Amino acid sequence: MVKLMVVVGFYLLGFVAVASGLVLVLSRNLLHAVLALAVVSLAVAGLMLGLAAEFLALVLVLVYVGAVVVLGVFAVMLTGHFDQPTLPASNELKALGGVTALALTLLLAGVALLQPLAQQPSAEPVSLKTLGRLLLTEYVLPFELVSVLLLAALVGAIVIARGKED
Amino acid sequence: MLSLTHYLVLSAVLFGLGVFGVVTRRNAIALLLSIELIMLAVALNFTAASHFLGNADGQIFAIFVITIAAAEAAVGLALVISVYRNQQDVDLDRLTVLKG
């Protein structure tokens, strides 16, 4: 029963993710694009639940829907004119970009299809305990580095967005 | 039954959509959102590999990818706001001040 739910959920959420991804890259209305990112994030979080990665799903919802999408809405608001139906959403590279993206997708999907990959999920799902232990032992240096990076990004974003004192 | 291939193909499609957005979008904010879509596809890829191979490293990498995506969004959108303040525009095809 749970397995069936995971399979149905995969196709449903996969469809939702691809459809709203299309909205994201094609929509003329910027606000629609930002909201489409929220939908994609929620769909991918649902897929991660199906992959027994509950912690990651939660982090994804918090960071993407809670932070990135809100930041995006703020940026749209501050830069104004988010709805310009007269202006095309894409530049003149549409055909070239389409071919590039399609070729890249086919390449990646082809590799995934041709390689003999694991058919069955591993019996033991990765527990949160394992993740925490790994982050504080084997990956402690990248963990600390990424926290410094976040601090730098925080300060940098404030400094850049604030502009000159006057 | 679902296999790792299903997830890899799905994330390849999402990745391709993101690349298309990065190449074609005219608005700087939409371009940043497309980059976020690429990062999302990569995180899904790592998580799926972690689940099917029974290796926790994939999830750790996904956590780092999400963190870096957040940092990139913060700095990127701050830059967009800064550029808008200087140029009153975020259309990448019209931002040609640096062009000789």
Side-chain angles (χ1 to χ4, degrees), chain A residues 7 10 14 17-18 21-22 24-25 30 33-34 37 40-41 44 47-48 51-53 56 59-60 63 67-68 71-72 75-76 78-79 90-91 93-94 97-98 100-102 104-105 108-109 112-113 117-119 121-122 124 126 130-131 134-135 139 142 146 149-150 153 156-157 160-161 163, chain B residues 1-10 12-21 23-27 29-30 32-34 36-37 40 43-44 47-48 50-54 56-57 59-60 62-64 66-71 73-75 77-82 84-85 90-93:
Chain A
V7 174
F10 173 81
V18 173
L22 275 172
L24 202 166
V25 296
L30 256 189
V34 179
L37 182 69
V40 179
S41 314
V44 172
L47 288 169
M48 284 179 175
L51 289 168
L56 264 180
V59 168
L60 201 68
V63 174
V68 174
L71 264 179
V76 170
L78 288 172
T79 56
S90 311
N91 54 22
L93 288 171
K94 210 168 186 173
T100 311
L102 196 67
L104 202 60
T105 308
L108 290 172
L113 285 170
L117 291 168
Q119 294 299 312
S122 65
E124 193 94 346
V126 177
T130 320
L131 278 186
L134 271 177
L135 271 181
Y139 290 99
V146 95
L149 175 82
L150 268 184
I160 293 167
Chain B
M1 234 3 252
L2 291 175
S3 66
L4 181 52
T5 314
H6 287 83
Y7 286 96
L8 294 192
V9 170
L10 176 64
V13 171
L14 287 177
F15 187 90
L17 275 176
V19 169
F20 179 73
V23 176
T24 60
R25 287 307 294 237
R26 290 173 62 124
N27 190 294
I29 297 171
L32 281 170
L33 294 180
S34 303
E36 297 297 321
L37 183 61
L40 205 60
L44 177 64
T47 316
S50 159
H51 180 61
F52 281 92
L53 304 180
D57 294 353
Q59 288 204 28
I60 302 272
I63 291 174
F64 285 130
I66 293 170
T67 316
I68 287 169
V75 176
L77 292 171
L79 280 172
V80 169
I81 290 169
S82 176
Y84 181 76
R85 192 180 294 130
V90 287
D91 188 323
L92 296 169
D93 286 0

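In what follows, chains are A, B, ... by sequence order, proteins preceding strands, each numbered from 1. On a predicted model such as this, the values are computed, not experimentally measured, just so you know. Values below: every heavy atom of this structure, side chains too, minus hydrogens, waters and symmetry copies.
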Please state whether the side chain, the backbone, both or neither of [X] comes within less than 4.5 Å of a heavy atom of chain B.
{"X": "L22(A)", "answer": "both"}
{"X": "A67(A)", "answer": "neither"}
{"X": "V63(A)", "answer": "side chain"}
{"X": "L104(A)", "answer": "side chain"}

Engaged part of L10(B) at the chain A interface, taking heavy atoms whose separation is under 4.5 Å: side chain
Heavy-atom contact with chain A under 4.5 Å, split by part of L14(B): side chain
Drop me the distance from [X]'s [atom1] to [Y]'s [atom2], to the nearest 0.5 angstrom.
{"X": "T47(B)", "Y": "L56(A)", "atom1": "OG1", "atom2": "CG", "result": "5.0 Å"}
{"X": "L37(B)", "Y": "L37(A)", "atom1": "CG", "atom2": "CG", "result": "7.0 Å"}
{"X": "F15(B)", "Y": "L108(A)", "atom1": "CZ", "atom2": "CG", "result": "6.5 Å"}
{"X": "F52(B)", "Y": "L51(A)", "atom1": "CZ", "atom2": "CG", "result": "6.5 Å"}
{"X": "N27(B)", "Y": "L30(A)", "atom1": "CG", "atom2": "CG", "result": "4.0 Å"}
{"X": "L17(B)", "Y": "L24(A)", "atom1": "CG", "atom2": "CG", "result": "8.5 Å"}

Please rank [options] by heavy-atom pairs under 4.5 Å with chain A and give me the top one.
{"options": "A48(B), G18(B), A70(B)", "answer": "A48(B)"}
{"options": "T5(B), I60(B), V80(B)", "answer": "I60(B)"}
{"options": "I29(B), V75(B), T67(B)", "answer": "I29(B)"}
{"options": "I81(B), V19(B), L33(B)", "answer": "L33(B)"}
{"options": "I66(B), L79(B), L40(B)", "answer": "L40(B)"}
{"options": "S34(B), A56(B), A73(B)", "answer": "A56(B)"}

Looking only at heavy atoms, what is the nearest atom pair of [X] and [Y], with distance?
{"X": "L77(B)", "Y": "G72(A)", "answer": "CD1-N, 3.6 Å"}
{"X": "A161(A)", "Y": "A78(B)", "answer": "CB-CB, 3.9 Å"}
{"X": "H51(B)", "Y": "A52(A)", "answer": "CE1-CB, 3.9 Å"}
{"X": "A109(A)", "Y": "A12(B)", "answer": "N-CB, 3.9 Å"}
{"X": "A53(A)", "Y": "Q59(B)", "answer": "CB-NE2, 3.6 Å"}

Side-chain touch L149(A)/I68(B), heavy atoms, less than 4.5 angstrom: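 The answer is yes; the side chains approach within 4.5 Å.
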Most chain B-contacting option - heavy-atom pairs closer than 4.5 Å, from [options]:
{"options": "L135(A), T130(A), V59(A)", "value": "L135(A)"}
{"options": "L47(A), L150(A), I160(A), V68(A)", "value": "I160(A)"}
{"options": "L131(A), V7(A), V40(A), L60(A)", "value": "L131(A)"}

side-chain hydrogen bond (donor to acceptor under 3.5 Å, both in side chains) partners of S82(B), counting only residues at least two apart: none
Y139(A): ring-ring contact (aromatic ring centres under 6.0 Å, His included) partners, not counting sequence neighbours: none
